Amino acid sequence: IEWHLHGLLGKVLPRPPAHAVADRGLELFQAWAERVHFSPLAVECVVVNSECGYAGRADWVAWVNNKLTLGDIKTSKKVYPEMFLQNWAYREAWNDSILRLDGLFVDRVRAGLIVRVPLSLTEDAVEEVEVPNDSGLFDVFMAAKQIYDFEHS
């Protein structure tokens, strides 16, 4: 999927070898992307929140159904609530950074999505879960970060 997304942005890369399950996941992702009018702005983009002291790499920022959205692609068995924390943190980092892509300033991201791609040939669609628009999730992320920092200091 990452290879495909880079291609949508015009970055030509050799196609990585893939098993049938990965090929099926790509097909399902492409069908979803077409259905939601997916138009990527950035893929595997580094996001930094220097004020709060964290950074990461977001899977993608794209227009999804006409909303600027930061998305995470997951291959887990289900979508877990803690996945929302990472998405919120990356959204905050994206929005707090001054970002320029190809010379164009980009709007604030106001939506988050977890897109779970099946690891099975028996599932017939990706699972799309909208990240709740609850700024309290960022507070929970920061509390978890404080615990991590304490344990690793």
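Since the model is a prediction, treat every value here as computed from it, not as a measurement.
Judged by a 6.0 Å distance limit and a 45° cone about the ring axis, Arg91 is not positioned over the six-membered ring of Trp94.
Under a hydrophobic-cluster definition in which Ile, Leu, Val, Met, Phe, Trp and Tyr are linked whenever side-chain heavy atoms come within less than 4.5 Å, directly or via other members, Leu85 and Leu113 are assigned to different clusters. Connection of Val115 to Phe84 is not established within any shared hydrophobic cluster, with ILVMFWY side chains joined at heavy-atom distances below 4.5 Å, either directly or through further cluster members. Grouping the Ile, Leu, Val, Met, Phe, Trp and Tyr side chains by contacts below 4.5 angstrom, directly or via other members, places Val79 apart from Val126. In the hydrophobic cluster analysis, where Ile, Leu, Val, Met, Phe, Trp and Tyr join through side-chain heavy atoms closer than 4.5 angstrom, Leu28 is grouped together with Leu8. Hydrophobic clustering of Ile, Leu, Val, Met, Phe, Trp and Tyr side chains at less than 4.5 Å, counting indirect connections, keeps Leu9 apart from Val46.
Nearest heavy atom pair, residue Pro40 against residue Ala62, reads CA-CB, 3.5 Å. When all heavy atoms are compared, the tightest approach of Cys45 to Val61 is SG-CG2, 4.1 Å. Closest non-hydrogen pair, Gly71 versus Asp59, comes out as O-CB, 3.3 Å. The two residues Ala58 and Leu70 have their closest heavy-atom pair at CB-CD1, 3.9 Å. Scanning both residues, Leu137 and Val131, for their nearest heavy atoms gives CD1-CG1, 4.2 Å. Closest non-hydrogen pair, Val117 versus Gly25, comes out as CG1-CA, 3.5 Å.
The shortest side-chain heavy-atom distance between Met83 and Val129 does not fall under the 4.5 Å cut-off. Asp72 is listed as a side-chain neighbour of Gln86, based on a closest heavy-atom distance under 4.5 Å. Within the 4.5 Å cutoff, side-chain heavy atoms of Asp124 are placed close to those of Arg24. Side-chain contact between Leu41 and Leu68: present, with at least one pair of heavy atoms (C-beta onward) separated by less than 4.5 Å. Side-chain contact check for Trp63 versus His37: every heavy-atom pair is 4.5 Å or farther apart.
The CD atom of Glu130 sits 4.5 Å away from the NZ atom of Lys67 when rounded to the nearest 0.5 Å. For the atom pair CD of Glu92 and SG of Cys52, the computed distance is 8.0 Å after rounding to the nearest 0.5 Å. The distance from atom CG of Leu121 to atom NE2 of His19, rounded to the nearest 0.5 Å, is 12.0 Å. For the atom pair NZ of Lys145 and CG of Asn49, the computed distance is 9.0 Å after rounding to the nearest 0.5 Å. Note that the CH2 atom of Trp3 and the NZ atom of Lys11 stand 14.0 Å from one another [nearest 0.5 Å].
Distance alone, capped at 3.5 Å, is enough to place a donor-acceptor pair between the Trp88 side chain and the Pro132 backbone. At distances below 3.5 Å, not a single donor-acceptor pair connects side-chain atoms of Thr122 with backbone N or O atoms of Ser120. Although no hydrogens or angles enter the test, the distance criterion places a donor-acceptor pair under 3.5 Å between the side chain of Asn95 and the main chain of Val109.
Ring planes of Phe141 and Phe138: parallel class, angle under 30° (limits at 30 and 60°). Between Phe38 and Trp60, the angle of the ring planes goes over 60°, which puts this pair in the perpendicular group of the 30/60° scheme.
For Asn66, the CG atom counts as loosely surrounded, since its 6.0 Å shell holds 12 or fewer non-hydrogen atoms of other residues, nucleotides or ligands.
When each of Val12, Val43, Ile1 is tested with His6 by the rule side chain to side chain contact (heavy atoms under 4.5 Å, CB included), just one qualifies, namely Val43.
Between Glu123 and Arg116 there is a salt bridge, since a side-chain N of the basic residue sits under 4.0 Å from a carboxylate O of the acidic one.
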Original post:
Can you list the steps and then say if Tyr80 with Ile114 is a side-chain contact (heavy atoms from CB on, under 4.5 Å)?
Top reply: CA-CA 10 Å; Tyr80 298 96; Ile114 307 297; over 6 Å; no

